[in-house]
Visitor: 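Have a look at this one before I ask anything.
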Amino acid sequence: MERKSFELGDIVQMKKPHPCGTNEMEIIRMGMDIRIKCVGCQHSVLIPRAKFEKNMKKVLRSKANADEQNTEVNGTKKDEWR
């Protein structure tokens, strides 16, 4: 089975919803454990990486894609700002 790929800052969809009703979470810390923050109520939870990978459905919005869209809108790359 293929490993799921995700990065810091991504918004992911979890299999089970948070008690506030949303199942969208933002990844705010990565390591052996992963800290995710609920998009609905801003509550954060630290869970082991294995459990996170098991319970994650898919990446909804990637931070890398958002950064690329911002540079296209501004017309400059981050390296050109200096």
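Only a predicted model underlies this, so the values are computations on that prediction, with no experimental measurement involved. We're numbering straight along the sequence, starting at 1.
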Visitor: Can you check whether Met14 reaches Glu24 side chain to side chain, under 4.5 Å on heavy atoms?
Guide: no

Visitor: Could you work out, with side-chain hydrogen bond (donor to acceptor under 3.5 Å, both in side chains) as the rule, every residue matching Glu53, not counting sequence neighbours?
Guide: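 Here the qualifying residues are Arg3.
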
Visitor: Report yes or no: do Val59 and Val45 belong to one cluster of Ile/Leu/Val/Met/Phe/Trp/Tyr joined by side chain heavy-atom distances under 4.5 Å?
Guide: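 Result: yes, single cluster for both.
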
Visitor: How many angstroms lie between CE in Met56 and CE in Met25, if you round to the nearest 0.5 Å?
Guide: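 Rounded to the nearest 0.5 Å, the CE-CE separation comes out at 13.0 Å.
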
Visitor: Once rounded to the nearest 0.5 Å, what's the spacing between atom CD of Gln13 and atom CG of Asn23?
Guide: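 So the CD of Gln13 and the CG of Asn23 are separated by 4.5 Å.
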
Visitor: Under the ring pair (Phe, Tyr, Trp, His ring centres under 6.0 Å) rule, what pairs show up with a residue in residues 14-39, not counting sequence neighbours?
Guide: His18-His43

Visitor: Out of curiosity, does Leu8 fall in the hydrophobic cluster containing Leu60 (side-chain heavy atoms, cut-off under 4.5 Å, transitive links)?
Guide: no

Visitor: Among pairs that include at least one residue of residues 7-20, which meet salt bridge (Lys or Arg N to Asp or Glu O under 4.0 Å), considering only residues two or more places apart or in two chains?
Guide: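 Non-adjacent pairs meeting salt bridge (Lys or Arg N to Asp or Glu O under 4.0 Å): zero.
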
Visitor: Using a side-chain heavy atom cutoff under 4.5 Å and only I, L, V, M, F, W and Y, what cluster partners does Ile28 have?
Guide: none

Visitor: Under 3.5 Å, sequence neighbours excluded: what are the donor-acceptor pairs made by side chains of residues 33-40?
Guide:
unit_1: Arg35; atom_1: NH1; unit_2: Ser44; atom_2: OG; d: 3.4

Visitor: Under 4.5 Å between side-chain heavy atoms, chaining through other members, with only Ile, Leu, Val, Met, Phe, Trp and Tyr counted: pull out the rest of the cluster around Met32, sorted by chain and number.
Guide: none

Visitor: Mind checking whether Val12 and Ile27 have side chains closer than 4.5 Å, heavy atoms only?
Guide: yes

Visitor: Could you see if Met30 belongs to whatever hydrophobic cluster contains Ile11? Use Ile, Leu, Val, Met, Phe, Trp, Tyr and a side-chain cutoff under 4.5 Å.
Guide: no

